[in-house]
Amino acid sequence: MPTELPYAAEAETGLSYDELEVLRTQYYKEIEQGHVTTQSKFNYGWGLVKSQTAELQTEGVKLLQEIYSASPAHRRECTYYIAVGYYKLRNYAYARKFNDLLLSVEPENMQAQSLRQLIDQAVTRDGYIGMGIIAGTAAVAGVVLASVLRRSARK
């Protein structure tokens, strides 16, 4: 589902396998050498967040949150991509929380403003889907109940 919000396009695009593999190789090479740079960890976390699977996206959010906690100098960069990761994972409460953190210090940030719109649209869409499921379930339950009542009234 491509977005019409150019600044939030990052939330809807991914990396190719080869692009992610370059980041993965660098990250694990540094692990083997005994020291991972914050930049390599960030790049790999960013790439994982942009991947297409929830498992990899979750791993990416975890790496970015580790940087967020350990390195105050990198919080600004991590905050947006943590929000993107949670958005892609459909955890809209956390996506909104991290995105709002960024907007509180950078209210004019176009990426964060666009991501906020995507989060709001997703919450609304999922709310409608939830209401539809509940209404459908209620309708089926009503039909079953009416059928049971009719059968018991005939006896």
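Only heavy atoms go into these numbers, but all of them, side chains included; no hydrogens, no water, no symmetry mates.
- Of all the heavy atoms in L101 and S104, the pair that sits closest is O-OG, 2.6 Å.
- Ring geometry, Y92 versus Y87: the interplanar angle falls from 30° to 60°, so the pair is classed tilted.
- Interatomic distance, OG of S114 versus CD1 of I119, reported as 11.0 Å (0.5 Å rounding).
- Ion pairing between a basic and an acidic side chain is recognised when a charged N comes within 4.0 Å of a carboxylate O; E21 and R24 show such pairing.
- In the hydrophobic clustering of ILVMFWY residues, with side-chain heavy atoms under 4.5 Å counting as a link, L63 and L23 come out together.
- Taking CZ from R75 and OG1 from T79, the interatomic distance works out to 8.0 Å, rounded to the nearest 0.5 Å.
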* After noting the C-alpha distance and the side-chain angles of V84 and Q111, does the key distance pass the side chain to side chain contact (heavy atoms under 4.5 Å, CB included) rule? -> CA-CA 10 Å; V84 168; Q111 282 183 309; over 6 Å; no

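- Summarising the geometry, atom CG belonging to N91 is positioned 10.0 Å from atom CZ belonging to F98; distances are rounded to the nearest 0.5 Å.
- Remark: the backbone N or O of I82 is not paired with any side-chain donor or acceptor of Q65 at under 3.5 angstrom.
- Under the 4.5 Å side-chain heavy-atom criterion for grouping Ile, Leu, Val, Met, Phe, Trp and Tyr, L64 is connected to Y28 within one hydrophobic cluster.
- The CG atom of L89 sits 4.5 Å away from atom OG1 of T58, with the distance rounded to the nearest 0.5 Å.
- Minimum heavy-atom separation, L15 to G47: CD1-CA, 3.4 Å.
- Shortest non-hydrogen contact noted between Q57 and S51 is NE2-O, 2.7 Å.
- Taking the side chain as every heavy atom from C-beta outward, Y27 and I31 approach each other to under 4.5 Å.
- The shortest heavy-atom contact between L20 and Y44 is CD1-CE1, 4.2 Å.
- Taking OG of S71 as the reference point, atom CD of E66 lies at 12.5 Å (rounded to 0.5 Å).
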* **Derivation and outcome, side chain to side chain contact (heavy atoms under 4.5 Å, CB included), residues E59 and K62** => CA-CA 5 Å; E59 186 180 344; K62 180 180 170 254; 5.5 Å; no

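- For the atom pair CG of N99 and CZ of R116, the computed distance is 7.0 Å after rounding to the nearest 0.5 Å.
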* **Audit row: T53, L56, side chain to side chain contact (heavy atoms under 4.5 Å, CB included) steps and yes/no** => CA-CA 6 Å; T53 68; L56 294 177; 3.2 Å; yes

* Asked: Could you walk me through whether K50 and E19 pass the salt bridge (Lys or Arg N to Asp or Glu O under 4.0 Å) check?
  -> CA-CA 11 Å; K50 291 177 65 66; E19 291 169 321; over 6 Å; no

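- In terms of hydrophobic clustering, with Ile, Leu, Val, Met, Phe, Trp and Tyr side chains grouped at heavy-atom distances under 4.5 Å, Y68 and Y94 are assigned to a common cluster.
- The pair E30-K41 fails the salt-bridge criterion, with no side-chain N (NZ, NE, NH1 or NH2) lying under 4.0 Å from an Asp/Glu carboxylate O.
- A donor and an acceptor atom, one from each side chain of Q39 and N43, are located under 3.5 Å apart.
- Scanning all heavy atoms of the two residues, the minimum distance from G85 to V61 falls at CA-CG2, 3.6 Å.
- Using modelled atom types, one side-chain atom of K88 and one backbone atom of V49 make a donor-acceptor pair closer than 3.5 Å.
- Shortest non-hydrogen contact noted between L115 and A83 is CD2-CB, 3.7 Å.
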* Please report the C-alpha distance between Y81 and F42 in whole Å, then the side-chain angles of each, then the deciding distance to 0.1 Å, and finally whether the side chain to side chain contact (heavy atoms under 4.5 Å, CB included) criterion is met. => CA-CA 10 Å; Y81 289 106; F42 175 84; 3.8 Å; yes

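- Around CD of E55, the count of heavy atoms belonging to other residues, nucleotides or ligands within 6.0 Å does not exceed 12.
- Taking the side chain as every heavy atom from C-beta outward, N109 and R76 approach each other to under 4.5 Å.
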